[in-house]
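Order of the sequence lines sets the chain letters (A, B, ...), proteins ahead of strands, with each chain counted from 1.
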Amino acid sequence: MTALNSPRQFATTDNASVVVFDFETTGMSPQQGDRVIEIGAVRLEDGVIADQFQSLINPGCPLNPFITDLTGISDAMLATAPDAEAVISDFQRFVACTPLVAHNASFDRRFLIAEFCRFGHKVPLAIGCSMLAARRIFPDAPNHKLGTLVSYLELPTARRFHRALADASMTAALWLRMEQELCSRYGFEKVPFALLKRLGQIPRAKADRFLQQIAGRPQDRN
DNA sequence: TGCCAGGCCCTCTTTAGGGCCTT
């Protein structure tokens, strides 16, 4: 594992490709038996969506009505969906060794670990969080829910929220918007995945100073 | 509608509490 603490390390850590993903699930906790019911993902390559992945998953149990109301996904839709092992294997091949991004990644990471471990896949280590990065780049947003940020930043809006591919696509648009914002504010030519991921781990009060240091601008700027 | 879990993060803090975010 490589610790990223210095500007020099970011200069040599450049991922032109990331996979932005989102899970719809039966509930909040894989530790309490909740399962993934839909995976949506898009592959960003050099700032554009180069590929996408979407599949429902039959969890083998009826959905809580709350989840059907929230997502629009019904038991009937899942009855003919493939089982988790097949979809997770396909998703693992889609991801391969590409760094991952999700909105509030701590939630999706728990399900990713649970499902990948269930079927013996190696768990990806590099997962960036668009919510943590957005809290530092857009501290004045009304809040940092995905839908709020999409509206606040006037990003392209999918037909609906709480479907995996739609949410993944909007998260990808947010990720790209944050890259553009850092290029504009700090003069970066490119924003590596590792920089945005690391930014989300910096205390908010130190985020601007951290970015100025990376940009080689030690003096405060507005 | 709000709870469920759990990591993050702020404050009236750090031997803690509670809001934010995800389904």
Have a look at A:D22 and say if it touches a base, only the backbone sugar-phosphate, or nothing, with a 4.0 Å heavy-atom cut-off.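 Touches sugar-phosphate only.
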Minimum heavy-atom distance between A:C61 and A:D75, given as atom pair plus value: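 Here A:C61 and A:D75 meet closest at O-OD1, 4.3 Å.
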Same cluster (ILVMFWY, side-chain, under 4.5 Å), A:V95 and A:F23: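 Shared cluster, yes.
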Would you mind classifying the nucleic acid contact of A:I37 as base, sugar-phosphate or nothing, using non-hydrogen atoms under 4.0 angstrom? nothing
Within 45° of the ring axis of A:F53 and under 6.0 Å from its six-membered ring centre, is that where the NZ or CZ of A:R43 lies? no
Can you tell me how far P in B:dC8 sits from the matching atom in B:dC3, rounded to whole Å?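 Roughly 23 Å separates the two P atoms.
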Output the rounded distance in Å from CE (A:M170) to C1' (B:dC21). 15 Å
Whole Å only: how far is the CZ atom of A:F23 from the C1' atom of B:dC21? 17 Å
Shortest side-chain distance from A:T25, nucleotide among B:dC8, B:dC10, B:dT23: B:dT23
Which whole-number value in Å describes the distance from A:R135 CZ to B:dG7 P?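 After rounding, the reported distance stands at 15 Å.
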Quick check on DNA chain B: between A:E24 and A:A205, whose nearest nucleotide comes earlier from the 5' end?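 Its nucleotide being nearer the 5' end, the pick is A:A205.
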Determine the Euclidean distance between corresponding C1' atoms of B:dG19 and B:dT13; express it in Å to zero decimal places.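 That atom pair is separated by 15 Å.
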A:L199 side, atom CG; A:K206 side, atom NZ - distance, nearest 0.5 Å: 14.0 Å
Output all residues satisfying salt bridge (charged side-chain N to carboxylate O under 4.0 Å, His left out) with A:E181, sequence neighbours left out; order by chain, then residue number. A:R177, A:R185
Scan nucleotides 2-6 of chain B against the protein and return all N/O pairs shorter than 3.5 Å with their distances rounded to 0.1 Å.
from, atom 1, to, atom 2, distance (Å)
B:dA5, N3, A:R110, NH2, 3.3
B:dG6, O4', A:R110, NH1, 3.3

Using the C1' atom on both, measure B:dG6 against B:dT23 and round to a whole Å.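 So the two C1' atoms sit 13 Å from each other.
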Please list, in numerical order, the residues of residues 143-156 of chain A that have a heavy atom closer than 4.0 Å to any atom of DNA chain B.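 A:N143, A:H144, A:K145, A:L146, in order of number.
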Whole angstrom value for the distance that separates P of B:dT22 from CZ of A:R163: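 Distance, rounded to whole Å: 17 Å.
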Base, sugar-phosphate alone, or nothing: which one does A:D69 contact when heavy atoms must sit under 4.0 Å apart? nothing
I'd like the C1' distance from B:dC10 over to B:dT14, given in whole Å.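 After rounding to an integer number of Å, I get 13 Å for this pair.
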Quick one: side chains of residues 111-122 of chain A, donor-acceptor pairs under 3.5 Å with protein atoms, not counting sequence neighbours, listed by atom name and distance.
from, atom 1, to, atom 2, distance (Å)
A:E115, OE1, A:R35, NH2, 3.1
A:E115, OE1, A:R118, NE, 3.3
A:E115, OE2, A:R35, NE, 2.9
A:E115, OE2, A:V36, N, 3.4
A:H121, NE2, A:S89, OG, 3.3

Of the options A:T98, A:V20, A:V19, which is the one that meets A:L44 in a side-chain contact (heavy atoms from CB on, under 4.5 Å)? A:V20
Figure out the CD1/P separation between A:I39 and B:dT22, and round it to whole Å. 19 Å
Pick the P atom in B:dC20 and in B:dC12, then give their distance to the nearest Å. 16 Å
Nearest-Å distance, CG (A:L70) to C1' (B:dC21)? 13 Å
Between C1' on B:dG7 and NE2 on A:H103, what's the gap in Å once rounded to a whole number? 14 Å
Nearest-Å distance, CZ (A:R160) to C1' (B:dT23)?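 From A:R160 CZ to B:dT23 C1': 13 Å.
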Would you list the atom pairs, donor with acceptor, under 3.5 Å between side chains in residues 160-167 of chain A and any protein atom, with sequence neighbours excluded?
from, atom 1, to, atom 2, distance (Å)
A:R160, NH2, A:L70, O, 3.2
A:R160, NH2, A:T71, O, 3.3
A:R163, NE, A:E38, OE1, 3.0
A:R163, NE, A:E38, OE2, 3.3
A:R163, NH2, A:E38, OE2, 2.8
A:D167, OD1, A:H162, N, 3.1
A:D167, OD2, A:H162, N, 3.2

State whether a side-chain donor-acceptor pair under 3.5 Å links A:S130 with A:H103. yes
Per the salt bridge (Lys or Arg N to Asp or Glu O under 4.0 Å) rule, what does the pair list look like for residues 76-99 of chain A, sequence neighbours excluded? A:D90-A:R93
